[in-house]
Amino acid sequence: MSKRKRYSPEYKRELVDLVRRSKTSCRQIGLEVGVNPNMLTRWVREAEAEGGKAFPGGGTPRDEDIARLKRELARVTKERDFLKRRGSVLREAVTERYAVIERCRSHYSIGMMCRCLDVSTSGFYGWAGRKPGPRARANARVLARIAQIHEDSGGVIGAPRMHEDLVDEGEQISLNRVARLMAGANLQGWPRRRKRRFGGKPGARPVGIENRLDRDFNASEPETKWVTDITEIATVEGKLYLCVVVDLYSKLVVGWSMHHRQDRHMVVRAVQMAVWQRQSSAEVILHSDRGGQFISGTYQKFLGGNALVSSMSKVGHCADNAACEGFFGLLKRERVHRRHYRTRDEARADLFDYLERFHNPRMRRRVARRDRAFSALIKPSAETG
């Protein structure tokens, strides 16, 4: 009995978009990508009925107690974050605490901040309603002039030269006061350009992880050796990152994910798609390089819970993952370098078309031809039996 396939919400949305753009029927597209046509038709109807709320993914309903606990956790977390950033002012005068509340009132509620800093809400509002004194008015006047000089200079003047300009204009002001006013207004001079360093320290392989593939990219059976990597696709809107999982036996892209950030969650989504397509529960070697996404605890924990054995390249040996790099070269030669993507959505649609309507169907036909040739070899002949 074959294992039931599962599909991620991202896969469903992209396939439905393909059906809407294409003039081909749902049945034809379903047969091309290996999805039941009836199920694809149901996905299209669901997307038309629910719009952006379609395919929300799995989850468990929250009851009132869980919702209440989550609200309480959110409140405690916010208080903790506020105290972690501003808790040191508890040792300062009351006016200093009022100043902190005034600066943070756009991010936190005033009642919560007054409770955390042990001041009264009425006292804060009374302090905030008072008119500024002579010192505050003088600082505001000087700061306005500082901002004007800073803008006229193109943002390259720092506190020392700003102090010189103000003194030349007749202001009686110290260098420390200028520096304090500029820091409070987030104004700074043009920093000295740091020398670019090459050859940063490579990521360390987690304990027990070895190069199990050892550049042996031949697989005699499906779902025994997988390789994964990330590549970037340039668009006018910005970069789009693509992570794929390739089966070395069939050269099928069994898992993929796209995002505008190359983080560990994108990698886990791609591997999860591959796991959902897997028919057996036997262990599979999954080879990658030493990118930060692949040495992360989230990625390694996901592999351990899904019968996947992690394998990683050596330092500086790009040939250790040549199979996946070769697929990316093929993808860009056959499709990406022939296109000019204006938006990330346009690139996503074209990549989905290449993966599911061009590359994977071709690889499935190749595997079918290979299986037929093998069956013809082992079929007994009429003469020898």
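Remember, predicted model here, so these are calculated numbers, not experimental data. Heavy-atom basis, side chains included; hydrogens, waters and symmetry copies ignored.
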Give the cluster check for [X] versus [Y]: same hydrophobic cluster or not, with ILVMFWY residues linked at side-chain heavy-atom distances below 4.5 Å.
X: Val44; Y: Met39; answer: yes
X: Leu213; Y: Tyr249; answer: no
X: Met112; Y: Val94; answer: yes
X: Leu331; Y: Phe217; answer: yes
X: Leu15; Y: Phe358; answer: yes

Measuring only between side-chain heavy atoms, which start at C-beta, is [X] closer than 4.5 Å to [Y]?
X: Phe352; Y: Leu355; result: no
X: Val267; Y: Phe302; result: no
X: Met273; Y: Val245; result: no
X: Ile233; Y: Lys332; result: yes
X: Val142; Y: Glu171; result: yes
X: Met113; Y: His107; result: no
X: Arg333; Y: Leu330; result: yes
X: Ile149; Y: Leu166; result: yes

Supply the atom-to-atom distance [X] [atom1] to [Y] [atom2], rounded to the nearest 0.5 angstrom.
X: Lys12; Y: Asp17; atom1: NZ; atom2: CG; value: 14.0 Å
X: Asp289; Y: Phe294; atom1: CG; atom2: CZ; value: 5.5 Å
X: Asp168; Y: His163; atom1: CG; atom2: NE2; value: 10.0 Å
X: Arg212; Y: Ile285; atom1: CZ; atom2: CD1; value: 7.0 Å
X: Gln277; Y: Tyr11; atom1: CD; atom2: OH; value: 6.5 Å
X: Tyr354; Y: Glu334; atom1: OH; atom2: CD; value: 3.5 Å

Full working for salt bridge (Lys or Arg N to Asp or Glu O under 4.0 Å) between Glu72 and Arg75
CA-CA 5 Å; Glu72 178 116 3; Arg75 180 183 63 80; 3.2 Å; yes

Kindly check if the number of other-residue, nucleotide or ligand heavy atoms within 6.0 Å of [atom1] ([X]) is above 12?
X: Arg215; atom1: CZ; answer: yes
X: Arg338; atom1: CZ; answer: no
X: Asp118; atom1: CG; answer: no
X: Arg27; atom1: CZ; answer: no

Distance only, no hydrogens: is a donor on one side chain within 3.5 Å (strictly under) of an acceptor on the other, for [X] and [Y]?
X: Ser313; Y: His287; result: yes
X: Glu346; Y: Thr235; result: no
X: Gln272; Y: Arg269; result: no

Can you list the steps and then say if Trp256 with Asn360 is a side-chain contact (heavy atoms from CB on, under 4.5 Å)?
CA-CA 12 Å; Trp256 55 263; Asn360 277 354; 5.8 Å; no

What's the verdict on side-chain contact (heavy atoms from CB on, under 4.5 Å) for Met266 and Ser257, showing C-alpha distance, side-chain angles and the deciding distance?
CA-CA 6 Å; Met266 179 185 70; Ser257 183; 3.7 Å; yes

Taking all non-hydrogen atoms of both residues, which atom of [X] and which atom of [Y] are closest, and how far apart?
X: Cys114; Y: Ser120; value: SG-O, 4.1 Å
X: Cys26; Y: Leu40; value: O-CD2, 3.4 Å
X: Glu223; Y: Asp247; value: N-OD2, 3.0 Å
X: Ala159; Y: Leu175; value: O-CD1, 3.6 Å
X: Gln293; Y: Gln262; value: NE2-O, 2.8 Å
X: Val253; Y: Val246; value: CG2-CG2, 4.4 Å

Thinking salt bridges, do Glu102 and Arg105 make one under a 4.0 Å N-O criterion?
yes

Electrostatic pair Arg20:Glu48 at N-O distance under 4.0 angstrom:
no

With Tyr98, which residues qualify under ring-ring contact (aromatic ring centres under 6.0 Å, His included), at least two apart?
Trp127

Just jot down the ring-ring contact (aromatic ring centres under 6.0 Å, His included) partners of Phe327, sequence neighbours excluded, or say none.
His359

Could you walk me through whether Met258 and Arg344 satisfy the side-chain contact (heavy atoms from CB on, under 4.5 Å) test, starting with their C-alpha distance in whole Å, then the side-chain angles of each, then the deciding distance to 0.1 Å, before giving a yes or no?
CA-CA 10 Å; Met258 290 176 273; Arg344 292 191 181 98; over 6 Å; no

Passing option when Leu286 is tested against Val309, Val271, Val275, Val227 for side-chain contact (heavy atoms from CB on, under 4.5 Å):
Val271

Compile the donor-acceptor pairs under 3.5 Å between side chains in residues 28-38 and protein atoms, sequence neighbours left out, one pair per line.
{"unit_1": "Gln28", "atom_1": "NE2", "unit_2": "Glu32", "atom_2": "OE2", "d": "3.4"}
{"unit_1": "Glu32", "atom_1": "OE1", "unit_2": "Arg357", "atom_2": "NE", "d": "3.0"}
{"unit_1": "Glu32", "atom_1": "OE1", "unit_2": "Arg357", "atom_2": "NH2", "d": "3.2"}
{"unit_1": "Asn36", "atom_1": "OD1", "unit_2": "Asn38", "atom_2": "N", "d": "2.8"}

